[in-house]
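Shown next, in structure tokens, is the structure this report addresses.
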Number of protein chains: 2
Amino acid sequence: MSGVRAQQKEKTRRQIINAALKQLSAERSFSSLSLREVAKEAGLAPTSFYRHFSDMDELGLTLVDEAGLTLRQLMRQARQRIAKGGSVIQISVQTFMELIESNGNIFRLLLRERSGTSAAFRAAVIREIRYFTMELCDYLQKANHLDADVAYIHAHAAVTIVFGAGSDALDIDDKEEREQLAEQTIQQLRFIARGALEFSDRRKVSKKFR
Amino acid sequence: MSGVRAQQKEKTRRQIINAALKQLSAERSFSSLSLREVAKEAGLAPTSFYRHFSDMDELGLTLVDEAGLTLRQLMRQARQRIAKGGSVIQISVQTFMELIESNGNIFRLLLRERSGTSAAFRAAVIREIRYFTMELCDYLQKANHLDADVAYIHAHAAVTIVFGAGSDALDIDDKEEREQLAEQTIQQLRFIARGALEFSDRRKVSKKFR
DNA sequence: CATAACAGCGTACACGTGTACGCTTAAATT
DNA sequence: AATTTAAGCGTACACGTGTACGCTGTTATG
């Protein structure tokens, strides 16, 4: 089993995936893509599509996985930058905004399918975001010595804010406006961090005096 | 001009709008609705649709307006409740959650079209949400004596959190889980309020010593 | 070397779509 | 009372869709 065959198959599979990603845009959602269009873009006969995916849905779930992977790579990248010193919040937001600029369509996919019509898609996206949230929660718990529940609420809020900002950023072309949005987002995250810290501290004090 | 005719026209116009709203659900987005389906549900021949809307898009924008109206009614209701006393944050979140429970599909429409494929739809939704944000901004500025820019950042963050929570709530059936989500959202809003207040105060102090 | 497996193609079909066109019928206008 | 306006209907058309089916040529297996 040299794998020449399997190798070819994997290659055209990627062609299908890339064809779908290429067709995604601000004006084109995944659900508006047809099997025939994707196949054509991939240089395939419509019926050959089935040799790789039984459904457009199956392709869609694959794309969501792909997007999740991109998200996790992003996190790793942010951690590396943070390790080299600098404001955690600032670096995180900046890194996230870079993602939106370079991979807007992948992020759009996540945003759209999160509130889409397929329960399976929604679940898949939510799973990716939850992973994101949990990682942040862990970090906050260790770095800021927060209670577990406070850390979770904090992390959840921060992720909501960042994704919301990402959503806004997608509709902004002007670079300066984008930076303004980033600055605003940073400020919002600081508010949350401040509030969480204070609530956490207050609780510790009341424990101490009990 | 007694208006018997105009009255009839308005009536079937509403039938079309209601037909569309009725067909919206977790599994069915507006963009997946066909002109023929809507016409059928409204008890009309497909071609008669054009007597009222030139396009499905035009109907869609009407629905977004309708949703915006619902949102503004919600705000008025919340203000009335707040005037009778009680925690502002708690009442706001509770009122918002009631909207999601009773008008889930209208809220879904807003959420989906905010990241949808039509620029006109996105703009319309963003306009409604901005109105929402500005109202809150005004309130915060007056009630908490915040700086204008801090108030805006605060309001924007709060709206993002509340809409995010609404989005999450749509996928939760269990009542207890929903209440837990509401509780968590309230806590998040408190974090933000705390943080904003502290930042605002600190700035005032530095001004005083200048 | 014979044979089985299988990626990819082309044809074909039934179905749902938007919408152009002309007609009917009842209200509004003159 | 005569005429115009316009909501609603039915027919008809071209088009894009998913996918069943059988075929071909190449690779893998025995």
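None of the values given here were measured: they were computed from a predicted structure. Sequence lines set the chain letters: A, B, ... in the order given, protein chains first and strands last, and positions in each chain run from 1.
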Expressed as a whole number of angstroms, how long is the span from [X]:[atom1] to [N]:[atom2]?
{"X": "B:Gln15", "N": "D:dA7", "atom1": "CD", "atom2": "P", "result": "15 Å"}
{"X": "A:Gln7", "N": "D:dT26", "atom1": "CD", "atom2": "P", "result": "18 Å"}
{"X": "B:Lys11", "N": "C:dA27", "atom1": "NZ", "atom2": "P", "result": "13 Å"}
{"X": "A:Tyr50", "N": "C:dT11", "atom1": "OH", "atom2": "P", "result": "18 Å"}
{"X": "B:Arg13", "N": "D:dA6", "atom1": "CZ", "atom2": "P", "result": "17 Å"}
{"X": "B:Phe53", "N": "C:dT19", "atom1": "CZ", "atom2": "C1'", "result": "18 Å"}
{"X": "B:Lys9", "N": "D:dG8", "atom1": "NZ", "atom2": "P", "result": "8 Å"}
{"X": "B:Phe49", "N": "C:dG18", "atom1": "CZ", "atom2": "P", "result": "9 Å"}

Look up atom [atom1] in [X] and atom [atom2] in [Y], then write down how far apart they are to the nearest 0.5 Å.
{"X": "B:Glu128", "Y": "B:Phe132", "atom1": "CD", "atom2": "CZ", "result": "11.0 Å"}
{"X": "B:Gln94", "Y": "B:Ile89", "atom1": "CD", "atom2": "CD1", "result": "13.5 Å"}
{"X": "B:Ser115", "Y": "B:Leu110", "atom1": "OG", "atom2": "CG", "result": "11.5 Å"}

Which nucleotide in [options] has an atom nearest any side-chain atom of [X]:
{"X": "B:Ala45", "options": "D:dT19, D:dC9, D:dT27", "answer": "D:dC9"}
{"X": "A:His52", "options": "C:dG8, D:dA28, C:dA27", "answer": "C:dG8"}
{"X": "A:Val4", "options": "D:dA28, D:dT19, C:dC9", "answer": "D:dA28"}

Counting distance alone, no hydrogens or angles: does the base of C:dC6 have a donor or acceptor under 3.5 Å from a partner atom on the side chain of A:Arg5?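 Between C:dC6 and A:Arg5, which were checked side chain against base, a qualifying N/O pair under 3.5 Å is present.
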Distance-minimising heavy-atom pair for B:Leu140 and B:Ala151: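 Shortest heavy-atom separation between B:Leu140 and B:Ala151 comes out as CD1-O, 4.0 Å.
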I want to check one thing: is the phosphate of D:dG8, taken as OP1 and OP2, less than 4.0 Å away from some side-chain N or O of B:Thr12?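 True: B:Thr12 side-chain N/O within range (under 4.0 Å) of D:dG8 OP1/OP2.
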When you check the phosphate oxygens OP1 and OP2 of C:dC9, does a side-chain N or O of A:Thr47 lie under 4.0 Å from one of them?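 Result: no.
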If the plane angle is over 60° it's perpendicular, under 30° parallel, otherwise tilted; pick one for A:Phe121 and A:Phe30.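 The arrangement is tilted - the two ring planes meet at 30° to 60°.
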With ring centroids as reference points, do A:Phe191 and B:Phe191 lie under 6.0 angstrom apart?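 That pair fails the under 6.0 Å test.
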Using a 4.0 Å cut-off on heavy atoms, which residues in residues 25-43 of chain B reach DNA chain C? List them by number, or say none.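 Only B:Ser34, B:Leu35, B:Arg36, B:Glu37 qualify.
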Side-chain heavy-atom pair A:Leu21, A:Asn105 within 4.5 angstrom cut-off: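 Not touching, per the 4.5 Å side-chain cut-off.
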For A:Arg51 and B:Ser54, take the nucleotide of DNA chain C holding the closest heavy atom to each; which residue's nucleotide lies nearer the 5' end?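 With A:Arg51 and B:Ser54 compared, the 5'-side residue is A:Arg51.
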